[in-house]
Novice: 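Pasting a structure here, questions to come.
Lettering of chains follows the sequences in order, A, B, ..., and the numbering in each one begins at 1. Bear in mind the structure is a predicted one, so any value in this text is a computation, not a measurement.
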There are 2 protein chains.
Amino acid sequence: MQESGEMYLESILVLSQKDEPVRSMDVAKYLGVSKPSVSRAMAILKNGNYVEIDSLGHITLADAGRKIAEKIYERHVVLTEFFERLGVDKQTAEEDACRIEHVISDKAFDIVKAHINEKGQTSGQEK
Amino acid sequence: MQESGEMYLESILVLSQKDEPVRSMDVAKYLGVSKPSVSRAMAILKNGNYVEIDSLGHITLADAGRKIAEKIYERHVVLTEFFERLGVDKQTAEEDACRIEHVISDKAFDIVKAHINEKGQTSGQEK
DNA sequence: ACAAAAGGTTAGCAATGGCTAACTAAAAGT
DNA sequence: ACTTTTAGTTAGCCATTGCTAACCTTTTGT
């Protein structure tokens, strides 16, 4: 699984948390990429059994895809929170999380996550 | 400057800390890439005035290249230290630093660095 | 019903950054 | 001196991942 694949899967997960079904165009708009880029990515992800696409073009995560999407999304959330706790502004924290989520090791992430869960679950509510 | 360019420059900096002059082969061995990969990279870096290569093939960092190399190397050292302090084993810390050093923002890095300098400069000597 | 808009695919280009194979040039060994 | 090894370059391949242009399809609106 490439970094770009992870991004597409994560997008689908995020978009599917809204009510409407997810289509290629939604992903394209969300990620700021062109239609053909999404089209090809979906073909690859579908081929690898990471997503399913019905006759109406509605995209759903298959088990393998959901697993990856959730993993990356968790990293996104935890890393964003982590950086914010360190003192990084929200937007920068999010942007950094977005890049680091794809490259951090499981080992390092688990430790970062443990630190977040340990050092006050409630400190996210300041301001 | 691409991520790969940063890696090459950082390698040259690290290798030049030893006594001998740095040649393409040293970089190739250090990074585990082929000779032609280094050859092309050096041509690009030389062209952009990031490195100088004398008639004997000895590679030195030009000012622009040194600046980048030192920035990335500092990130490498600080991020490795940071992860180790969090509880990540040395090897994993180093591997993660190696990937994150290219994608972390200046803002986030400065804050990470400040935390390192703050929370005990001496705790690196345990064990 | 037919035209327009929206969604999706196909074809093909570009940049990045690996690689091997094959060549040239320089250094070292006998 | 001649051979062999080492260093470096050139040419050209491959995969990834973005893009535009152009073409279908399907939906929508009048």
Novice: In terms of side-chain heavy atoms, does Gln91(B) have a donor or acceptor partner in Glu95(B) at a distance below 3.5 Å?
Specialist: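 There is such a pair (donor and acceptor under 3.5 Å, judged by atom type) between the side chains of Gln91(B) and Glu95(B).
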
Novice: Hey, is the side chain of Arg40(A) pairing donor to acceptor with the base of dG8(C) inside 3.5 Å?
Specialist: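 Donor-acceptor pair under 3.5 Å: no.
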
Novice: For a quick check of understanding: with a heavy-atom distance under 4.0 Å over all strands, which category does Gly5(B) fall into, base, sugar-phosphate or nothing?
Specialist: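 No contact at all - Gly5(B) keeps every heavy atom at 4.0 Å or more from the nucleic acid.
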
Novice: Can you tell me how far CE of Met42(A) sits from CG of Asn47(A), rounded to the nearest 0.5 angstrom?
Specialist: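 Going from CG on Asn47(A) over to CE on Met42(A), the span is 13.0 Å.
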
Novice: Under 4.0 Å, heavy atoms only, any strand: does Val38(B) hit a base, just the sugar-phosphate, or nothing?
Specialist: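 The residue Val38(B) makes no contact with any strand.
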
Novice: Short of 4.0 Å, heavy atom to strand atom, which residues of residues 17-31 of chain B count as contacting DNA chain D?
Specialist: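 Under 4.0 Å from DNA chain D: Arg23(B), Ser24(B), Met25(B).
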
Novice: Quick check for you: name the first and last nucleotides of DNA chain D, 5' to 3', having an atom under 4.0 Å from a heavy atom of chain A.
Specialist: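 For DNA chain D, the relevant span reads dT16(D) to dA21(D).
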
Novice: Between Glu3(A) (CD) and dG18(C) (C1'), how many Å, whole number?
Specialist: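 Checked: the CD to C1' distance equals 16 Å.
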
Novice: Against His102(B), only a single residue in Glu10(B), Gln2(B), Glu6(B) fulfils side chain to side chain donor-acceptor pair (under 3.5 Å); can you say which?
Specialist: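 Exactly one candidate clears the test, Glu6(B).
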
Novice: In whole angstrom, give the distance that lies between atom CG of Leu45(A) and atom P of dG8(C).
Specialist: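 After rounding, the reported distance stands at 15 Å.
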
Novice: Using rotation axes that map the C1' atoms of four end pairs onto the next four (five pairs an end), what angle separates the end axes of the helix from dA1(C)-dT30(D) to dT30(C)-dA1(D), to 10°?
Specialist: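 Between the axes fitted at each end of the helix from dA1(C)-dT30(D) to dT30(C)-dA1(D) lies an angle of 0°.
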
Novice: Please determine whether residues Leu13(B) and Val38(B) belong to a single hydrophobic cluster, defined as Ile, Leu, Val, Met, Phe, Trp and Tyr linked transitively by side-chain heavy-atom distances below 4.5 Å.
Specialist: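 Both belong to a single hydrophobic cluster.
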
Novice: Under 3.5 Å, which donor-acceptor pairs do the side chains of residues 29-37 of chain B form with other protein atoms, sequence neighbours left out?
Specialist:
residue, atom, partner, partner atom, Å
Ser34(B), OG, Ser37(B), N, 3.4
Ser34(B), OG, Ser37(B), OG, 3.0

Novice: Just by distance, do the side chain of His58(A) and the backbone of Ile53(A) share a donor-acceptor pair under 3.5 Å?
Specialist: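 Not at all, since once roles are kept as given, no pair shorter than 3.5 Å links the two residues.
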
Novice: Counting any heavy atom closer than 4.0 Å, what does Ser39(B) reach on the DNA or RNA strands: base, sugar-phosphate only, or nothing?
Specialist: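 Here Ser39(B) touches the bases of the nucleic acid.
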
Novice: Which heavy atom in Ser105(B) sits nearest to a heavy atom in Thr92(A), and how many Å separate them?
Specialist: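 Answer, listing the atom of Ser105(B) first, then Thr92(A): OG-CG2, 3.4 Å.
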
Novice: Arg85(A) and Ile116(A): which non-hydrogen atoms are nearest, and at how many Å?
Specialist: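 Looks like NH1-O, 3.4 Å.
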
Novice: Report, one pair per line, the protein and nucleotides 20-29 of chain C atoms (nitrogen or oxygen only) whose separation is under 3.5 Å.
Specialist:
none

Novice: Go through the side-chain N and O atoms of His76(A) and Glu94(A) and say whether any donor and acceptor fall under 3.5 Å apart.
Specialist: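 Side chains of His76(A) and Glu94(A): pair found under 3.5 Å.
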
Novice: Let me know the distance between CE of Met42(A) and P of dG7(C), rounded to the nearest Å.
Specialist: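 Taking CE of Met42(A) and P of dG7(C), I get 15 Å after rounding.
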
Novice: Tell me, which pairs form a side-chain hydrogen bond (donor to acceptor under 3.5 Å, both in side chains) where one or both residues lie in residues 12-24 of chain A, sequence neighbours left out?
Specialist: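 Found Arg23(A)-Asp26(A).
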
Novice: Near Asp63(A) CG, under 6.0 Å, is it more than 12 heavy atoms from other residues, nucleotides or ligands?
Specialist: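 No, the 6.0 Å shell around CG holds no more than 12 heavy atoms from other groups.
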
Novice: Going through the distances and angles, do Val112(A) and Phe83(B) end up as a side chain to side chain contact (heavy atoms under 4.5 Å, CB included)?
Specialist: CA-CA 9 Å; Val112(A) 166; Phe83(B) 279 119; 4.3 Å; yes

Novice: Test side chain to side chain contact (heavy atoms under 4.5 Å, CB included) on Leu79(B) and Asp96(B); report intermediate values, then the result.
Specialist: CA-CA 8 Å; Leu79(B) 287 170; Asp96(B) 276 73; over 6 Å; no

